[in-house]
Amino acid sequence: MTDMIRARGLVKRYKEVEALAGLDLTVPQGTVLGLLGPNGAGKTTAVRILATLLEPDAGSAEVAGVDVLADPDGVRSRIGLSGQYAAVDEHLTGYENLEMVGRLYGMKRARAGGRARELLERFDLADAGDRPAKTYSGGMRRRLDLAGALVAEPPVLILDEPTTGLDPRSRQQMWSVIRDLVSSGATLLLTTQYLEEADLLADDIVVIDHGRAIAQGTADELKAQTGGERIEVVVADPARRGDAAQVLATVALGEVQTDENGRGVTAAVEGDGAGRLMTVLEGLRRAGVDVLDVGLRRPTLDDVFLTLTGRPAEEIADEEARTETEEVAR
Amino acid sequence: MSAVRVATDGWVVAKRNLIKIKRVPEILVFVLLSPIMFVLLFAYVFGGAIDPGGGVNYREFLIGGIFAQTVVFGATFTGAGLAEDMQKGIIDRFRSLPMSRSAVLVGRTASDIVYNVLSLIIMALTGLLVGWRIRESMLEALGAFLLLIVFAYAISWVMGYVGLLVPSVEVINNASFIVIMPLTFVSNAFVPLESFPSGLQTFVEWNPVSSLTQAVRELFGNTSDAVPVPDVWSMQNPVLYTLIWVVLILVVFVPLSIRQYRLSTSR
């Protein structure tokens, strides 16, 4: 199998911040790589380098066998980029947007126009195709932007946070569109901060933090790293959290995690999850701890992040946001 | 990248910008109303107080200056358009396409010529209403309009460069105000050159807005023999001096802007 994207040791610094600190990525043909990480982890920087919008300070990258530094135009004609800001011209109609992109890929007018209609149809935008994009909903704009990336049927697609900021229904729609692309054999690099999204769409996931990969594998492989199933208890009285944690500790594999402000207490368990759950329920009853909810669940990628970094993804995102604000203040 | 590709891609981009005029005519109304407002304000507010001398009617004197000022102001449009595209991520999309690297700028500056032509037409009509007349041949008048458009085109590249540098549309509007107001007001556009204090006079004489204004007045025949042209090369040869500026600006700012476009990333 040929690698359609291959990046080695990508480094990019912005003043004092190291956005990428030696990132390696490999995406074999016909597969989907999910680049997963919180805000500010370096995902967008990596995308910009691969899409030739930015030159790395060090390292090399090839897209569809073409070097991004040696032949950026060659790369541009082989990729389709769809960014997190939905780069559509709101004064143009959906049709005009797509036709323009086709023309700029070097298509003749008739072909660009035909392709535009085809894509509008495929992305459920045919009825809105002759309305200015200004009148579109957020989800429609994202679909139009994604359609723009597909105009020239490029062998490699790069989607930068395609569902960030979308409402749940639009997100579902976007997911089904992307899944169709995937099943038709596209090679795709997808960045996301949604663990669920990477789980759902990607064959392989690279978890990225502070500009470097901290884990790689299939969703299942990553989940296995957190040690199997987890027991989750939601206590009725937040004050009894500690007691619940003590009960869980008797069966826990590793540390018991408690929500600092909430009522949740979770722990990873090994082996017979259902049996352990019974033990916990029995323990809780004996200790007189009332619970609202108890369950056994497979670990999510959030748990993976917590295990890998010692912090939940959101907390890191907050931290990054703070550092950024400080940067600006300076 | 071949010249043909620059032209076809540039045309695609220009067409996109022109569609916006069709979809948001409000912008046009604003662009066209402000010169009308300037003509009326200056003609009726300052008109009584300023005497250009030599029996020249102030309104006649004024129109050449308003023409020059308006096309210089119009260049802000180029900068604002590019800054907006940058802000909205559209430049990123363009930069990820295998299109000509200069087409976005070529297309933008080309489509902005349309704005300038429209506002010159409106201004000329307003001028005729308040008493301005073309007193030389039609050929010379045409030359005056052409000079205005060529100068506007050059300034468009300057503001385009600034538009790629600044973080937002608001900044470009303020920045251009700070540069363009002094450039147009410290010139002979609204008041006779002699009325400036001697220190400023040299600046006014060599200000390209002054030479443009002087050239346009001469080509329209809005000058009087009773008012001698200052004995400075720039004022004696206003058309040539203005064209030298046009060439200089383009030689510097075309490559500079294209370089900035290649380097720029949004946010």
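Naming: A, B, ... by sequence-line order, numbering from 1 per chain. In what follows, every heavy atom counts, from backbone to side chain, and hydrogens, waters and symmetry copies are set aside.
- Contacts between B:K22 and chain A at a heavy-atom distance below 4.5 Å are absent for every atom of the residue.
- Using a 4.5 Å heavy-atom cutoff, the side chains of A:M100 and B:L97 are not in contact.
- With values rounded to the nearest 0.5 angstrom, A:L53 atom CG is found 12.0 Å from B:L263 atom CG.
- The line from CD1 of B:I90 to CD of A:E90 is 7.5 Å long, rounded to the nearest 0.5 Å.
- Once rounded to the nearest 0.5 Å, the distance linking CG of A:D73 with CE of B:M99 reads 10.5 Å.
- A salt bridge links A:D145 to B:R93: at least one charged side-chain nitrogen sits closer than 4.0 Å to a carboxylate oxygen.
- The shortest non-hydrogen separation linking B:R23 to A:P132 is CD-CG, 4.0 Å.
- Here the straight-line distance linking atom CG of A:N97 with atom CD1 of B:I19 works out to 9.0 Å at 0.5 Å rounding.
- Note on B:D92 versus A:R48: salt bridge recorded, some NZ/NE/NH1/NH2 to OD/OE distance being below 4.0 Å.
- Atom CZ of B:F185 has more than 12 heavy atoms from other residues, nucleotides or ligands within 6.0 Å.
- For A:A149, the parts sitting under 4.5 Å from any heavy atom of chain B are the backbone and the side chain alike.
- By number of non-hydrogen pairs under 4.5 angstrom with chain B, the leading residue of A:R103, A:K134, A:E99 is A:R103.
- Residues B:S96 and A:L81 come closest through the heavy atom pair CB-CD2, 3.8 Å.
- Within the 4.5 angstrom heavy-atom criterion, no atom of A:E55 approaches chain B.
- Within 6.0 Å of the CG atom in B:N174, the count of heavy atoms belonging to other residues, nucleotides or ligands exceeds 12.
- Within a 6.0 Å sphere centred on CZ of A:R131, heavy atoms belonging to other residues, nucleotides or ligands number more than 12.
- Within a 6.0 Å sphere centred on CZ of A:R117, other residues, nucleotides and ligands contribute more than 12 heavy atoms.
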